[in-house]
4 protein chains.
Amino acid sequence: MSKSDKREEIVRAALELIAENGFHAAPMAMIADRAGVGAGTIYRYFENKDVLIGELYKDLEEKMLPVIQEGYDINAPLRERFLHLGTRILRYFIENPLHFRFIEQFHNSPYGVEHRRDKILGEKNGCNIFRELFEDGLSQQLLKAFPLTILFALSFGPIVNLARDHILGFVVMDETLIVAAIEACWDSISK
Amino acid sequence: MSKSDKREEIVRAALELIAENGFHAAPMAMIADRAGVGAGTIYRYFENKDVLIGELYKDLEEKMLPVIQEGYDINAPLRERFLHLGTRILRYFIENPLHFRFIEQFHNSPYGVEHRRDKILGEKNGCNIFRELFEDGLSQQLLKAFPLTILFALSFGPIVNLARDHILGFVVMDETLIVAAIEACWDSISK
Amino acid sequence: MSKSDKREEIVRAALELIAENGFHAAPMAMIADRAGVGAGTIYRYFENKDVLIGELYKDLEEKMLPVIQEGYDINAPLRERFLHLGTRILRYFIENPLHFRFIEQFHNSPYGVEHRRDKILGEKNGCNIFRELFEDGLSQQLLKAFPLTILFALSFGPIVNLARDHILGFVVMDETLIVAAIEACWDSISK
Amino acid sequence: MSKSDKREEIVRAALELIAENGFHAAPMAMIADRAGVGAGTIYRYFENKDVLIGELYKDLEEKMLPVIQEGYDINAPLRERFLHLGTRILRYFIENPLHFRFIEQFHNSPYGVEHRRDKILGEKNGCNIFRELFEDGLSQQLLKAFPLTILFALSFGPIVNLARDHILGFVVMDETLIVAAIEACWDSISK
DNA sequence: GATGAATGAGCGTTCATTCAT
DNA sequence: CATGAATGAACGCTCATTCAT
């Protein structure tokens, strides 16, 4: 197994265990076991458990962003851009329930305290797409005159809830429902 | 300190510690300490930690429900009813940040697994108010023809996010913003 | 409830709990509960748990001795005297399984360390009957020339085992078997 | 210290502490201490305390059986076979007082409940030697017509008592006394 | 570099004993 | 006197982290 394969295995094992049963069910020894490496080996790749979790989170961000942005046309009409991003995110969560479950757990854990803010969509990285989208919308007066934070809340609050409900089996989000739900979100932020 | 004072102190201490820093920062000994009681004393009031957490959650539910329902007029127009409940819930969270933080933590913890669904607004108690509200709206064709789960998601997703953002200081939800935000939620569910 | 009734209740409760499930299953609070008194009350009658256990043991000794000696004729032939005592003890244990179970537990517990020697049959009290019996037998050269300790072991070892096996249901000691078994013990010590 | 040395040290430490002062005087931390290992280390070798105790018991059984059987001639006369086994067991206990004390404690403890019956001499393993011995004796009509349980009690009751008395210093069982005592046991079971 | 046995601080919980009522 | 709520030391056990191999 190559060096980066090992890192990959560790991260994958951690993701699975945490997503499936929460942080409390993912001791380092169990992660090592499932990754097929020695317990001490993890510490060659990650300084400690906090760092492992943090990097796992960053990995997921990095996998998610290109998928969401794929085919995104910054010059399309605002509504279309919103629907593109919103449905892509929701679809991504639904298709990657382990990622979603981990991200949720992460935000409500000691590991995620300093990430509390939704970095995915916030100021970090190059991923200001949403910010730009909202700012465009505000300046064009197509959106209600809310602070960005509120526009985020109105958009992502439902998305996260819908993803959770789908994953837990409370509702089946087929393509039609996905689009309709994101359109509803649009109604909440657009004038 | 009277018997019921002691129970109160324990519950309060647990609430504070968990709300402030999460479950991992609330070992029984620390809860006891902050409550000003001996470690063993907790076990006179609560069979074990799980039970303590569970009862704390129930306590909060019980405190919250009457506040939300106060002044609720089931015969008012649908929009008004929605705004009443939505703004009340959001205000409650904002005014009781410890309650909010605990409830959030609880839902994303091993303690809250069986409560995953938002019981507050779900089928339990007499608090089917929201369900009734949505069912009324659907039958009167005032709401978009979504499953209840999605209507819940569109309503509560933003509320929870807004409460969190306010508590974390990312936005200041004054009365005007509260009402405007809930009105925006109404836009997402109404035809 | 009179003062001595209370003591009686406490001792009875302790006996039952310990005999039924061992010392580990008899915390003071449970003893108090079953005795129908407050936990603190026990300490008015017994300085501490050790003393309670010790006095319970003494109580049982005192109840047992007269039953064993009843009808004992010191002038009867040696064999008859042995059979009298041996069968009486065995019968007593069989008819009072709680007493037996407690005594057994007691001897193999921290509480009974200083009582290790079989006081019932040893030098204490007026109960030197057995000692006298053996000494008579030795001087009359009816018994094998063993130290007293060995004569005790040959006599009581089987009795205790038989009682235990009966109580645990491994064998049913009816009157015929009781007598035959004690006669067998006699064979082991008599010339 | 090698891996199996460590297991050995833990088992030895547990044996010593329990034999010397009983289960109550052998908390895991103390066992670890005396074994010269960390507290957590014990759990690499034994799932929990119950398992440690249980395996210690099995270890002792396994050490004891071959010693007892050594030189045993199944074709020798019955009396000789009985004396062989009886004296060997008694000698073993006398020479291994820690083993004896532990086994005694074990049988009268919550750990040993399911072993209540003397498995050493009962049906388990290949060690039906005693059972076979008694069954042979019964079929040849050399033994009194007792149930096996009673023959066991008549044989082992005294042995256990003699071992205890020797270890506690109440009597010194030299070779002559050992043989004479076991011969006395034989008298109790033989016709 | 990789390992996994070893560690020990820290957890949730119990219970003999005390003492205010 | 009797009570039982309160106590806190001590228990069995877990797990992030280290380090000899």
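What you see below is based on every heavy atom in this structure, not just the backbone, and it leaves out hydrogens, waters and symmetry mates. Letters go in sequence order (proteins before strands), and every chain restarts at 1.
- Minimum atom distance to the side chain of A:Lys6 is reached by E:dA2, of the listed F:dT3, E:dA2, F:dT14.
- If you check E:dA9 for Watson-Crick or wobble pairing at under 3.5 angstrom, you find it paired to F:dT14.
- Regarding D:Asp33, its CG atom lies at a distance of 12 Å from the C1' atom of E:dG8, rounded to whole Å.
- For the atom pair OG1 (B:Thr41) and CZ (B:Arg7), the distance works out to 14.5 Å, reported to the nearest 0.5 Å.
- Among the protein residues, B:Tyr45 comes within range of the sugar-phosphate backbone only, with heavy atoms under 4.0 Å from sugar or phosphate atoms but none that close to a base.
- The side chain of D:Arg44 contributes an N or O atom lying less than 4.0 Å from OP1 or OP2 of E:dA5.
- Across the interface with DNA chain E, nearest-nucleotide mapping of A:Gly36 and D:Thr41 shows A:Gly36 to be the residue nearer the 5′ end.
- Counting heavy atoms of neighbouring residues, nucleotides and ligands inside a 6.0 Å radius, atom CD of A:Glu47 does not exceed 12 of them.
- Between the CD1 atom of D:Ile31 and the C1' atom of F:dC11 there is a distance of 12 Å, given to the nearest Å.
- Here the closest heavy-atom approach between residue A:Ile18 and residue A:Ala26 is recorded as CG1-CB, 3.6 Å.
- Aromatic ring centres of B:Tyr111 and B:Phe106 lie farther apart than the 6.0 Å criterion allows.
- The side chain of B:Tyr43 lies closest to E:dT14, out of E:dT14, F:dT17, F:dG12.
- Take the nearest nucleotide of DNA chain E for D:Ile42 and for B:Lys49: the residue whose nucleotide is more 5' is D:Ile42.
- Atom C1' of nucleotide F:dA9 and atom CE of D:Met30 are separated by 13 Å, given to the nearest angstrom.
- Within 4.0 Å (heavy atoms only), D:Met28 reaches sugar-phosphate atoms of the nucleic acid but no base atom.
- Nucleotide F:dA5 is matched to E:dT18 when pairs are restricted to Watson-Crick or G-U wobble geometry with both distances under 3.5 angstrom.
- Whole-Å rounding puts the C:Asp50 CG to E:dA16 P distance at 11 Å.
- Taking both residues in full, the closest heavy atoms of A:Ile10 and A:Ile42 are given as CD1-CA, 4.0 Å, listed atom of the first, atom of the second, then distance.
- We find that CG of A:Asn48 is positioned 11 Å from P of F:dA16, with the value rounded to whole Å.
- Rounded to an integer number of Å, the gap from D:Glu47 CD to F:dG12 P is 16 Å.
- As rounded to whole Å, 21 Å separates atom P of F:dG4 from atom CZ of B:Arg7.
- The distance from atom CG of D:Asp5 to atom C1' of E:dA6 is 15 Å, rounded to the nearest whole Å.
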